[in-house]
Amino acid sequence: MLLSVIIPMYNEEELAERTFRTLESVLANVEHELVFVNDGSKDRTLEILEGLLAKAPGHTLINFSRNFGHQAAFSAGMAHAKGDAVVIIDGDLQDPPELIHEMLIKWRDGYQVVYAQRRTRKGESFFKKLTASWFYRILNSLTNIEIPVDTGDYRLMDRRVVDHINNLPERSRFLRGLVCWVGFKRTGLLYDRAERTAGVSKYPLKKMMRLATDGITSFSSAPLKLSFILGLITTGISALLGLWSIAERIIHPATTSQGWASLMLVIVFLGGVQLLSVGILGEYIGRIYDEVKQRPLYILDKPSKENSK
Ligand code: UDP
Ligand code: MG
């Protein structure tokens, strides 16, 4: 049994070595390979990883030609992982690697996906916790697949699950959703998420929003329906208003010159609804455009280095 552990790294020079050593000691009794993905770091991350792996045979280092993002890094890792079971984990060790042993027990019990579910999360702003908890609940109410709430990417997957995900043709990869989409028997493990011990979060609000829209639009067309429903409602209201204004014109011909505020309101409101709907359409068209272009998910800087044992 070989276990692959995939670790994305973006500007993690303060943590790279500690992460490597911790994983090595936690996994000392398990036959494993580490697959580091350097996601276009601008600091010394690559150099440090190369140094560490030069001395440790059996691991893989994948180096992107630029920053392609966390989800692309996981995809690359999954394409290179050779294990019978594959774990994906963040490089900052906010998720306790010791949990891998429990994951393996569940895996041996016959679960093909074992995801880690956050019971608490430390050291994250109130805003991040609140938006994250909303996000999972909105996502679940909009999509028809069951994405467990409060799970990150930290999870173990069986070889079969990984193969199926690797074979999915889509470019926009919201991994947590894809794993649920492929199905198989899955279970969760509760854990407490620790603080980052060094460095800062590489997920600014902009990237979080991107991930959230990716998640929703890749798994649900509910926003499109929303604009249809908004359209229906405003058409209904405008029909009633139309009837009312005709009646008003007939009954009180003298006062119909008034009504600047109501006109303004209608114009502004309809303008808002229309732009919103066009925006939602645009989001989906942009996605179709991305898929049609068929660009690769990531580009490797040089062939990945696999130093065999
Ligand atoms: N990461 C990455 N590419 C990016 C952003 C982040 O590979 O563009 C990596 C990062 O190095 C870390 C993991 O993804 O190992 C999770 O990032 P982070 O800890 O910043 O996210 P947070 O825990 O704040 O959600
Ligand atoms: Mg983190």
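Counting starts at 1 for both ligands and their atoms, following the listed order.
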Nearest protein heavy atom to [atom], by residue and atom, and its distance?
{"atom": "atom 17 (O) of ligand 1", "result": "Tyr203 CD1, 3.9 Å"}
{"atom": "atom 14 (O) of ligand 1", "result": "His70 CD2, 3.0 Å"}
{"atom": "atom 18 (P) of ligand 1", "result": "Arg196 NH2, 3.4 Å"}
{"atom": "atom 12 (C) of ligand 1", "result": "Glu12 OE2, 3.4 Å"}
{"atom": "atom 22 (P) of ligand 1", "result": "Lys128 NZ, 3.6 Å"}
{"atom": "atom 24 (O) of ligand 1", "result": "Ser201 OG, 2.6 Å"}
{"atom": "atom 6 (C) of ligand 1", "result": "Lys202 CB, 3.6 Å"}
{"atom": "atom 15 (O) of ligand 1", "result": "Gly91 N, 2.7 Å"}

Whether the side chain of [X] engages the backbone of [Y] through a donor-acceptor N/O pair (distance < 3.5 Å, no angle test) should be reported.
{"X": "Ser227", "Y": "Ser277", "answer": "no"}
{"X": "Glu31", "Y": "Leu2", "answer": "no"}
{"X": "Glu12", "Y": "Gly91", "answer": "no"}
{"X": "Arg155", "Y": "Ile88", "answer": "no"}

Subject >> Nearest candidate to atom 2 (C) of ligand 1, where distance is taken over non-hydrogen atoms, out of Tyr10, Phe36, Phe68 >> reply: Tyr10
Subject >> For atom 7 (O) of ligand 1, the option (of Leu93, Asp39, Asp90) bearing the nearest heavy atom >> reply: Asp39
Subject >> Joint hydrophobic cluster, Phe68 plus Phe74, side-chain heavy atoms closer than 4.5 Å >> reply: yes
Original post:
How are the rings of Tyr298 and Phe64 set to each other: parallel, tilted or perpendicular (split at 30° and 60°)?
Top reply: parallel
Original post:
Which ligand 1 atoms are under 4.0 Å away from a heavy-atom of Lys207?
Top reply: 4 (C), 5 (C), 8 (O)
**OP:** In plain terms, say whether Arg287 and Glu291 are close enough for a salt bridge, that is, a side-chain N and a carboxylate O under 4.0 Å apart.
**Re:** no
**OP:** Check whether the side chains of His70 and Asp90 place a donor and an acceptor atom closer than 3.5 Å, and report yes or no.
**Re:** yes
**OP:** Please state which part of Asn67 comes within less than 4.0 Å of ligand 1, counting heavy atoms only: side chain, backbone, both or neither.
**Re:** side chain
Original post:
Does the side chain of Arg186 come within less than 4.5 Å of Lys106's, by heavy atoms?
Top reply: no
Original post:
Between the Mg ion (ligand 2) and Asp92, is there an N, O or S atom separated by less than 2.8 Å?
Top reply: yes
Original post:
Short N/O distance, under 3.5 Å, between Gly69 and ligand 1?
Top reply: no
